[in-house]
Structures are given as C-alpha cells and as structure tokens.
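One structure below.
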Amino acid sequence: MVLRLSKLFLRTLREDPVDAEVASHRLLVRAGYIRRAAPGIYTWLPLGLSVLRKVEAVVREEMDAIGAQEVHFPALLPREPYEATNRWTEYGEGLFRLQDRKGADYLLAPTHEEMFTLLVKDLYSSYKDLPLSLYQIQNKYRDEARPRAGLLRGREFIMKDSYSFDVDDAGLDASYAAHRAAYLKIFARLGLEVIPVAATAGAMGGSKSEEFLHPTEIGEDTFVRSAGGYAANVEAVTTVAPAAIDFSNAPAAKVLDTPDTPTIETLVAASNELLPRSEADGGPWTGADTLKNVVLAVTLPTGERQLVVIGLPGDRGVDLKRVEANIGSFLPIAGEIGLEAANDEDLKKQPLIVKGYLGPGLTLDEPLLGSESATKLLYLVDPRVVSGTAWVTGANEAGKHVFGLVASRDFTWDGVIECTDVREGDPAPDGSGPLEIARGIEMGHIFQLGRKYAAALELKVLDQNGKQVVVTMGSYGVGVTRAVAALAESNHDERGLVWPRAVAPADVHVVAVGKGEEIFAAAEKLALELEAAGLDVIYDDRPKVSPGVKFGDAELVGVPTILAVGRGLVDGVVEIKDRRSGEAENIAVDKAVDYVVNAVRGR
C-alpha cells in the first residue's frame, strides 16, 4: 500500500525530546513512531505500529512453528489467583493494584502464569492432553520506580509470554529446548544479535533459566563471557572457590589494638606496621587477607526491615544485584524484596554493631525478625571464605581487630552466597578461560518453572497409571516493544533510523523533489507501480516542502530504500539510495521498479 505523507498522521521533530537519554528514545520520538503519554507510557503512531506489528508477526510465526497455540487474556485480573501463589504480596510495590466500585481487588497483570495455569486446569485433565504450549502477545504493567530509556524500561509494555505444560521433567526439557530454538530463530529473523546466557530464576522460581541479551553499552544487564564459550548474567556467575585448608596446625587467633582503622585501606596499613610479613609468609598484607563484614538491610514484602551481614574478602565489593538474586532462600519470608546498605537508623537500633570493626559471630541483645529467641545476625559469606582460611577481621569492639581468625575453627556461617562484584579476568566457572564483562538489553527470558504454580493452583492430570500428578511447566517471555527499541538502538546513524528490511515500516520511500507537475506525476506513477509489485510504499507527496526537509525526513524515518524523483527526470533517470550504505545510483525510470523490487527481495 502507499502511505502518502500529505495524509499520514506524522510530524517529525528537528530537536531531541528533553527527557530522552538514549538514541532509540530520541529517534523513535523525532521520527514520529511514538509519543510520550506519561512517564514510562507511550502512544504508538502509525509508523510505530507498522514496525511493532512486523515484530509481532515474526514472533507469531516462530511460536506457531513449534506447535504453540495463541490465546489472549485480559490485562485486568482479579486478586485471588495471585493471592494463591503469594505473588499479590511478593510483587511488592511493582504491582499496579486497584479496586472496582464494589471494593473488590484487581491488578494490572505484570505477567500471566496464574491465568494460563487456571485455564489449562479448567479444560484439561489427562496426560493425553499434553504436552501443550500456549502463548499470547499482550500488554503488561509494572510500576517501575524509575522508568527510563523510552521503550526499554516502561510501565506499560507488550510481551509475548508462553507456557508449556508437560506430565514429566523429560517433557519439560523438550518444551524448553523447542522454545529456546524458536527464540534464536526469532532474533535472527529480526536481525538482532543476542547471546543466550545462564540466569537466575529470581521471583519466578524454578530450576533452569536463561536470558537472551542484546549486547550494547546502554544495556542495564551486566553479563560475562569467555573465549571458551561460557556466558552468564552477572547475577548467575558462580565463583571458583579455593580448596579447603587443613587448619589443625594453624596458630591461635589474637586480638590487637588497631585504633583509627575503620576502612580496609587503614586496616591493611596498620597490619603491615603491627605484624609485617616476609615474602615467605605471603608478603605484605593486602585487602585480600581481610574479611570485610557488610551490613545490609532487607525490606521484606511486608515492609519490615531485617539486617543481614555479608562476609567477603576486603579487596572485593558487594554487588547488591547478585545478593538480591541469591538471598531469597535464606530469608524467613519469600517474595520480592528491597535491598540496600544499612543506614544509620538501622545501625542505631543495634548498638552492639560497631561500625568499621564488625566481625563474625556477633550476638545481639534482642530477637531478630521471624524468630522469638534468635539473637544472632544472619551471617552469609562469599564462596572464597572456605574452611581453614585465616583472616584479619573486626573484633566487634571499637579500635580492635582479630588476626588469624580461621574459618570453621573460630567462626561459622549460616550460608554461602554469591555476593561480590565479578571482575574482568576472573576465571570462568567451567574452566573455559578468563571472563570478559559486557552489558546488554534483556530481549527474552526462559524458565523451567517446574511445579511451583501448578502445585499452588492444583493443576493435576491423570497419568498413564490413572494416578493424579502435578503438571510441570515452563515460562518463556519475549519483549516485543523492547525489541523495537533495541532494533532502533542498533540500527541508526547521525541522520536517523536505518531499519532492517524485516521490520521497516515500508520497503521504499519515494520522494518527489521539485515543483514541476511532471515530477509529482512520475513519482505518483512509480509509487503505484511499486505498490502493484507487492511492496509497501511511503510517498512524500507534500507539494510545498523543500527538498532538504524531504530528504531529512526520509533519512530520519529510516526506510531501507529511498527513491528520489527530481531534476534527473529530464534525462529519464531517478536516484535510488540505499539508506544503510549511503550509496546512490541513477537508474532509468522504466527500470526503477524492477531495480527496487530486486533490492527488496535480495536479488
């Protein structure tokens, strides 16, 4: 079809929007694809919808190809299913909650696990009905505290979410593998580079999980990869821990006065002055010889705050995202949590915590949250803290540190947690070489949910032996609106967008450049012939717009091929330009349609 700019609902902008932080946000607004309605909420304009629908079409085709069937749920949902899985509470402040006129609780769905599960429960009851995969492409809602980067982190977004239902774990493995392969095809067809990386399941639960990350400097996700093929989200990286050490002959620990040493740097300096070491004994003290104990405050879904202490080598920092991804199993309440360094108010409530001199084993004078009697802080350590390692650490008394405190002999811990910053050059856990750190945008995420939701909502079927078994599930998401943003982010230049052909709003952008009627007549004829050849056409037929503005708009909009009809018409030629390469050719008017058709169809 032909979209005439004189009629198209489109206004391009010469200046960047003031709230735009990244290129995709700037250009999608300037080129007239989206408009801001509220923070993190955008209106889709005709050109934007065209790109969005083409992305959706690719997703649908690949989901249909693996036998998944499309359904469509409402976005407005009742509280009860989410209450059954505890996610009404677990989602915390990220959930949009509302009430109807009768006072009943509803939510705007951030995701639809519960509804898919209940739908299958309502209709299926036998192993003969499985395996089954269902999907939808639907608006989702999350109350982001800081929506940013246009479509990359919004409060309303479109996602393809699908769910597999199987009788056993072998079936789940097959469904997971099918979705994984479909995702790789989707992103390849879109022309979007992605790297599958190991990930943590987080609040979704389940066993295996992978993210599909698009590498880019503006990405919010940090991931690592090695030359040998290892790839993981930084939250899922496992530390290569040292072997345990025999401590049977280790000297006794001793407490020394170390005034004015509240930091690792001052402690290391004092240690080298008080107990200088020879090269034979390991050389001068460094931060790696110290055990830093960091107090964190965990805000539970109930709003209560609980203090947790993390023990880690002093030359490392705490990565709060890694802690948040891994701390759930150690807490008395499951669900989405908040995590931050303990503030002065937190510490004032526990006066026995001596800031700068905290060590393992501190006993408090009042019970902790979730216990009627426990007075010991939850103490978790980095995997590098293994049995037999000796440390310099706080003595739980101002101005004092203990030297030679041996793990397992002198102190114990409540659990081991992946908590430290991952560094360039750290060894890959599979032995495939040193790690390289990169950033990326999460384009998709797949989970082996297992039986968490099916058990909570009692989704069972009769197996081959006539016995009721809980169905096992997988969950698979693709960010559809995020894919549009990522494609814009990776396909632009200083003049505007440069869409891949698979998702471009049109195949060719015809521009009538000049004032003569014959120019507009020739451009109109070419536009209609291109349409008749099966191409989507944008035709800039605006009569009183300068050539500079028309060319500027064509490059800003980013259609792959630009056909300009202008002064060359007197010589029987038009200019055809490839938007990506910038190369332009003068082609005879009667050859122009075939030339463009061949370019579009890759011939």
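Keep in mind that the numbers below use all heavy atoms, side chains included, and drop hydrogens, waters and symmetry copies.
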Point to revise | Distance (rounded to the nearest 0.5 Å) between Ile34 CD1 and Leu45 CG | key: 8.5 Å
Exercise for review: Would you check if the side chain of Glu424 reaches a backbone N or O of Ile437 as a donor-acceptor pair within less than 3.5 Å?
Suggested key: yes
Point to revise | Tyr595 and Glu585 side chains, donor-acceptor separation under 3.5 Å | key: yes
Point to revise | Side chain Tyr33, main chain Val557, donor-acceptor under 3.5 Å | key: yes
Practice item. Could you tell me whether Glu56 and Arg53 make a salt bridge, using a distance below 4.0 angstrom between a side-chain N and a carboxylate O? Key: yes
Exercise for review: Examine the side chains of Ser164 and His179 and answer whether a donor and an acceptor come within less than 3.5 Å of each other.
Suggested key: no
Check your understanding: Under 3.5 Å, is there a donor-acceptor pair between the Thr111 and Arg142 side chains?
Key -> no
Check your understanding: Do Leu497 and Asn491 come within less than 4.5 Å of each other through their side chains, counting heavy atoms only?
Key -> no
Point to revise | Side-chain (Asp166) to main-chain (Asp168) donor-acceptor, under 3.5 angstrom | key: no
Point to revise | Value rounded to 0.5 Å, distance of OG1 in Thr561 from CG in Asp578 | key: 6.0 Å
Check your understanding: Can you tell me how far the CZ atom of Arg180 sits from the OG atom of Ser175, to the nearest 0.5 Å?
Key -> 15.0 Å
Exercise for review: Check the angle between the aromatic planes of Tyr163 and Phe116 and answer parallel, tilted or perpendicular using the 30° and 60° thresholds.
Suggested key: tilted
**Study point:** Residue that, paired with Tyr42, satisfies side-chain hydrogen bond (donor to acceptor under 3.5 Å, both in side chains) out of His25, Arg35, Glu156
**Key:** His25
Exercise for review: Determine the sole option in Asp319, Asn233, Leu213, Val234 for which the side-chain contact (heavy atoms from CB on, under 4.5 Å) test with Thr222 is passed.
Suggested key: Val234
Practice item. Could you check if a side-chain atom of Thr239 sits within less than 4.5 angstrom of a side-chain atom of Arg384, using non-hydrogen atoms only? Key: yes
Exercise for review: For Glu418 and Asn326, test the side chains for any donor-to-acceptor distance below 3.5 angstrom and give the result as yes or no.
Suggested key: no
Review point. Quick one: does Asp221's side chain get under 4.5 Å of Ile441's, heavy atoms only?
Key: no
Review point. Once you round to the nearest 0.5 Å, how far does OH of Tyr124 lie from CG of Leu130?
Key: 8.0 Å
Check your understanding: Given Leu132 and Gln69, is the side-chain contact (heavy atoms from CB on, under 4.5 Å) satisfied, shown in steps?
Key -> CA-CA 8 Å; Leu132 171 70; Gln69 301 174 63; 3.8 Å; yes
Exercise for review: For Asp493 and Gly496, indicate whether the former's side chain and the latter's backbone hold a donor-acceptor pair under 3.5 Å.
Suggested key: yes
Exercise for review: Provide the closest heavy-atom pair for Cys419 versus Ile310 in the form atom of the first, atom of the second, distance.
Suggested key: SG-CG2, 3.5 Å
Review point. Are the charged groups of Lys321 and Glu220 less than 4.0 angstrom apart, N to O?
Key: no
Check your understanding: So do Arg97 and Arg79 actually touch side chain to side chain, heavy atoms under 4.5 Å?
Key -> no
**Study point:** Whether Phe187 and Tyr183 hold their rings parallel, tilted or perpendicular, with breakpoints at 30° and 60°
**Key:** perpendicular
Revision key, fill the gap. Nearest heavy-atom approach of Ala31 to Leu47 is O-CD1, 4.2 Å
**Study point:** Result of checking Val510, Leu535, Asp507, Val537 against Val596 for side-chain contact (heavy atoms from CB on, under 4.5 Å)
**Key:** Leu535
Practice item. Answer with yes or no whether the side chains of Gln136 and His112 bring together a donor and an acceptor at under 3.5 Å. Key: yes
Check your understanding: Within a reach of under 6.0 Å around CD of Gln468, are more than 12 heavy atoms found that belong to other residues, nucleotides or ligands?
Key -> yes
Check your understanding: Should Arg36 and Asp19 count as an ion pair when the cut-off is N to O under 4.0 Å?
Key -> yes
Practice item. Might you point out which heavy atoms bring Tyr82 and Thr85 nearest each other, and give the distance in Å? Key: O-OG1, 3.3 Å
Review point. Is the shortest heavy-atom distance from the side chain of Val480 to the side chain of Met159 under 4.5 Å?
Key: no
Check your understanding: Is a salt bridge present between Asp421 and Arg322, judged by a nitrogen-to-oxygen distance below 4.0 Å?
Key -> no
Check your understanding: Does the side chain of Leu192 reach to within under 4.5 Å of the side chain of Ser490, using non-hydrogen atoms?
Key -> yes
**Study point:** Nearest heavy atoms of Ile66 and Ala182, plus distance in Å
**Key:** CG2-CB, 4.0 Å
Check your understanding: So do Pro505 and Asp536 actually touch side chain to side chain, heavy atoms under 4.5 Å?
Key -> no
Exercise for review: Identify the two heavy atoms, one from Lys160 and one from Tyr476, that lie closest to each other, and give their separation to 0.1 Å.
Suggested key: NZ-O, 3.2 Å
Exercise for review: Look at the side chain of Lys121 and the backbone N and O of Leu457, then say whether any donor-acceptor pair between them is shorter than 3.5 Å.
Suggested key: yes
Practice item. Could you grab the distance from atom CG of Leu151 to atom CD of Glu489, nearest 0.5 Å is fine? Key: 10.5 Å
Check your understanding: With a 4.5 Å heavy-atom cut-off, do His214 and Glu193 have their side chains touching?
Key -> yes
Check your understanding: Is a side-chain donor or acceptor of Arg439 paired with a backbone partner of Gly219 at a separation under 3.5 angstrom?
Key -> yes
Review point. Hey, does the side chain of Arg189 reach the backbone of Ala502 with a donor-acceptor pair shorter than 3.5 angstrom?
Key: no
Check your understanding: Any chance the side chains of Tyr135 and Asp64 put a donor and an acceptor closer than 3.5 Å?
Key -> yes
Point to revise | Donor-acceptor pair, side chain of Arg30 and main chain of Pro17, under 3.5 angstrom | key: no
Revision key, fill the gap. In short, Leu563 meets Ala592 closest at the heavy-atom pair CD1-CB, 4.3 Å
Review point. Counting N and O atoms only, with roles assigned by atom type, does the side chain of Gln138 sit under 3.5 Å from a partner on the main chain of Phe73, one being a donor and the other an acceptor?
Key: yes
Exercise for review: Answer yes when Arg155 and Glu144 have at least one side-chain N-carboxylate O distance shorter than 4.0 Å, and no when they do not.
Suggested key: no
**Study point:** Inter-residue atom distance Leu459.CG - Tyr453.OH, 0.5 Å rounding
**Key:** 14.0 Å
**Study point:** Salt bridge Arg451-Asp169, side-chain N to carboxylate O under 4.0 Å
**Key:** yes
Practice item. Give a yes or no on whether the backbone of Arg148 and the side-chain of Arg153 come within a donor-acceptor separation of less than 3.5 Å. Key: no
